[in-house]
Amino acid sequence: MTVAELFTFAVVAGLLVMSPGPNGVLIAKTVPTSGRAAGFANILGFSASFYLHGTLSVLGISLILVQSAYAFSIVKYLGAAYLCWIGIKALIDAYKGGQSKVQVAPAKRERTLYRAFAEGFLTNILNPKTSMFYLAAFPQFISPTESGILVSYQLVTIHCLLNAIWFGGIVFLFATLTKAASSGSFQRWLKGVTGVVFIGFGLKLASIRPNL
């Protein structure tokens with residue numbers, strides 16, 4: 001796997017991490033009443049779920065790759081369509097310039113570290129979007145000359161590191177980053193960039209051919 005491929009995945013995964021979603025909402029609920037340690041326990045829960053999603057995706061892709069080029073093509077085009085759909089939806093939201101005003105209320109009672117970890121894990125493991133993203137992205141980086149399992153876990157690790165950096169920053173600078181991330185101009189810019197990158201990523205996925 002080349003440095004350019006790693007960088008491409010890191011850019012797309014980073015945009016996915018930065019986009020507003022349930023993880024940010026959970027951090028916003030946890031930190032005000034339970035502290036930074038509980039926020040980092042949330043993040044550890046996120047990472048644990050990513051590795052489980054990655055394992056399920058690796059098993060699924062490995063099974064598909066040993067079947068046929070036809071099966072590979074089906075998954076490839078479904079993955080490309082999914083990525084393009086994310087991109088188009090983001091561009092539409094950016095064009096409209098609107099955003100939903102979600103009021104995030106802090107947690108009513110303090111969380112234990114175990115409970116914070118469990119909430120972070122369940123928030124992601126019950127969300128199929130992570131597995132769908134991995135299933136769409138992994139085939140671009142699996143080469144017959146490399147270990148598909150090793151490469152896949154390397155990509156999951158990159159995703160986890162980006163997630164830890166982004167949400168770790170939010171934990172430390174919660175008030176400042178919450179204000180910036182909730183501004184209309186920031187979200188519109190982020191959605192526009194996300195839309196373009198994901199559409200390009202989907203078109204690139206649609207163009208690859210399996211080496212079977």
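Computed from heavy atoms alone, side chains included, the values below leave out hydrogens, waters and symmetry copies. This one's a predicted model, so the numbers in the text were calculated from it and none came from an experiment. Counting from 1, the numbers follow the sequence of the chain as shown.
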Between Phe117 and Thr112, does a side chain to side chain contact (heavy atoms under 4.5 Å, CB included) hold up when you go through it step by step? CA-CA 9 Å; Phe117 173 88; Thr112 64; over 6 Å; no
If you count the non-hydrogen atoms of other residues, nucleotides and ligands that lie under 6.0 Å from OH in Tyr114, is the total more than 12? no
Shortest non-hydrogen pair, Ala38 vs Ala116, comes out as O-CB, 3.4 Å
Does the side chain of Asn42 reach to within under 4.5 Å of the side chain of Phe167, using non-hydrogen atoms? no
Please tell me whether Ile165 and Val171 are part of a single hydrophobic cluster in this structure, the criterion being side-chain heavy atoms less than 4.5 Å apart. no
Between CG of Leu16 and CZ of Phe9, what distance do you get to the nearest 0.5 Å? 9.0 Å
With the 4.5 Å side-chain cut-off for hydrophobic clustering, are Leu52 and Leu122 part of the same group? yes
Once you round to the nearest 0.5 Å, how far does OH of Tyr153 lie from OG1 of Thr55? 2.5 Å
What are the two closest heavy atoms between Asn163 and Val17, and how far apart are they? CA-CG1, 3.8 Å
Minimal heavy-atom distance between Asn124 and His53, with the atoms involved, is O-NE2, 2.9 Å
Tell me whether Leu161 shares a hydrophobic cluster with Ile27, the cluster being built from Ile, Leu, Val, Met, Phe, Trp, Tyr side chains joined at under 4.5 Å. no
Taking the side chain as C-beta and beyond, is there a heavy-atom pair between Asn23 and Ile43 under 4.5 Å? no
Tell me, do Thr157 and Tyr51 make a side-chain contact under 4.5 Å, heavy atoms counted? yes
Can you confirm whether or not the ring centre of Phe40 sits under 6.0 Å from the ring centre of Phe172? yes
Residues Ile125 and Ser49: closest non-hydrogen pair is N-CB, 3.8 Å
